[in-house]
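Chain identifiers are assigned alphabetically (A, B, ...) following the order of the sequence lines, protein sequences preceding nucleic acid strands; residue numbering begins at 1 within each chain.
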Amino acid sequence: MADARVDALIDGLASGLTPVRRLRPPLLRAAVWLGVFALVAAAYYVQRSGRFGLIATSPYLLPAFVAALVTAVLAAVAAFEMSLPDRSDSWIWLPLPALALWLALSGLGCLADLGRPAAWGDTWEEAMGCLRVIGGSAILLSPVLIWMLRRARPERAVRVALLGGLASAAGAATILMLVHPHNSTLLDLAVHAVCIAAVIGLNTLAGGFLFGRTRTREPA
Amino acid sequence: MDAGFVADLDDLALGRLMSAAQDGDQAAYKRVLSASVPLIRRTARRAGVPPSSVDDVVQEVLLSIHRMLATFDPSRSYGAWLGAIARRRSVDLLRSHGRRNLREVHAPDAYENHPDELDIEAGADKARAEERLVAAIRTLPEGQREAVQVLALAGRSLDEGAELTGRSKTALKVNFHRAIQGLRSRLTGTGLRDG
């Protein structure tokens, strides 16, 4: 009976088969999302009259910008790779070195400016300005990435969503540094951290829910 | 993916069949799914799935293959792709068994009174009845057969079935209801005529 049941299932699946569009390679799909990211970044830069040249005012800003950008790229690549069933779990570690470097450089930049009078970002109003840029760009980047990742019906839903959230958050932080290149004050850094954690958390929740594979019903 | 998983089954040929299936070739799809069954069973056994549950894993993996058809890359190993899916479904089943065992109570009387599964007479009767049922299912119209396969044989919920078949929940429910009536009619000579 077991064989007959399996045969009947195979018959049913085969008779209901329609052509499917193969997913493009993960690197290509990551590149498409990074293209969307580049468009959002360019739009923000033009709209906010960004002055990227100011990034040279601190020895920590340019390396932090590069580290955040590399984190976004690697997290996106890892998310697309891990969304496929036959790719290694080890992809999750790919963005971690760049992430550690980005966090360390942001912290060092903050320490370097500690106690400097009238540093930008030491009022709530200024810190909220950063929040609006991070939140606004993440709102544009996250849905596109979740929609693209969902096409693979990821089995490792939470980890893929987490990586997607990290890509969007790091991308949003990169855009912030692009339009607003300054070291963070303590208040500013705390607002960035909360905002980035919220972006990652919301992406993980939304992605984990949307990617959530239809679970096996327990045998009776 | 262990190297010997599909060494004796020509991974390239299976990959080509799967690629044809992605283009809509139903015969190729049937062949590749049938060829995958022994491989899935082997993976499930290696993962520690009890023999009585191996066929549950097989069905889950077949449904997963159907759902994730677009993710197979013909330039990569079919065995690796299938093996990864089969291992995950095996782990899912072991977890669900683990949860269920935690909820179960010790009932020695129920165990003693339960009919012996190795009773040859009863087994043969059961097998004959099941074969009649499967044969009757095969005679159902396509939509009804699909509803029975997804909801009854594979044990999926209405939501899951709707997602898998691309039909609405209402259509699936109607097809299932008609299929049950049709099966009753075919097996017992009673019930409404199926539409």
- Would you tell me whether B:Thr71 and A:Arg151 have side-chain atoms, one donor and one acceptor, within less than 3.5 Å of each other? no

I'd like to check A:Ser15 versus B:Arg145 (side-chain heavy atoms, cut-off strictly below 4.5 Å). Are they in contact? yes

dist A:Thr18:OG1 -> B:Asp23:CG (nearest 0.5 Å) comes out at 11.5 Å

Note: B:Met68 and A:Pro85 closest approach over all heavy atoms is SD-CG, 4.3 Å

ask   = Would you call B:Asp55 and A:Arg5 a salt bridge, using N to O less than 4.0 angstrom?
value = no

Under 4.5 Å to a heavy atom of chain A? For B:Ser19 that would be both

**Prompt:** Given the rule in the side chain to side chain contact (heavy atoms under 4.5 Å, CB included) test, do B:Asp73 and A:Asp86 qualify, once you have shown the distances and angles that lead to the verdict?
**Reply:** CA-CA 10 Å; B:Asp73 177 352; A:Asp86 55 344; 5.9 Å; no

On a heavy-atom basis, the closest approach of A:Ala8 and B:Gln149 is O-NE2, 2.6 Å

- Message: Regarding B:Arg89 and A:Glu155, does a basic nitrogen lie under 4.0 Å from an acidic carboxylate oxygen?
- Response: yes

Residues A:Leu13 and B:Leu62: closest non-hydrogen pair is CD1-O, 3.7 Å

Which of B:His66, B:Arg31, B:Lys30 passes side-chain contact (heavy atoms from CB on, under 4.5 Å) with A:Ile10? It is B:Lys30

Heavy atoms of A:Leu17 and B:Ala21 approach each other most closely as CD2-O, 3.4 Å

Counting heavy-atom pairs under 4.5 Å with chain B, the top scorer among A:Arg21, A:Arg156, A:Arg22, A:Arg87 is A:Arg22

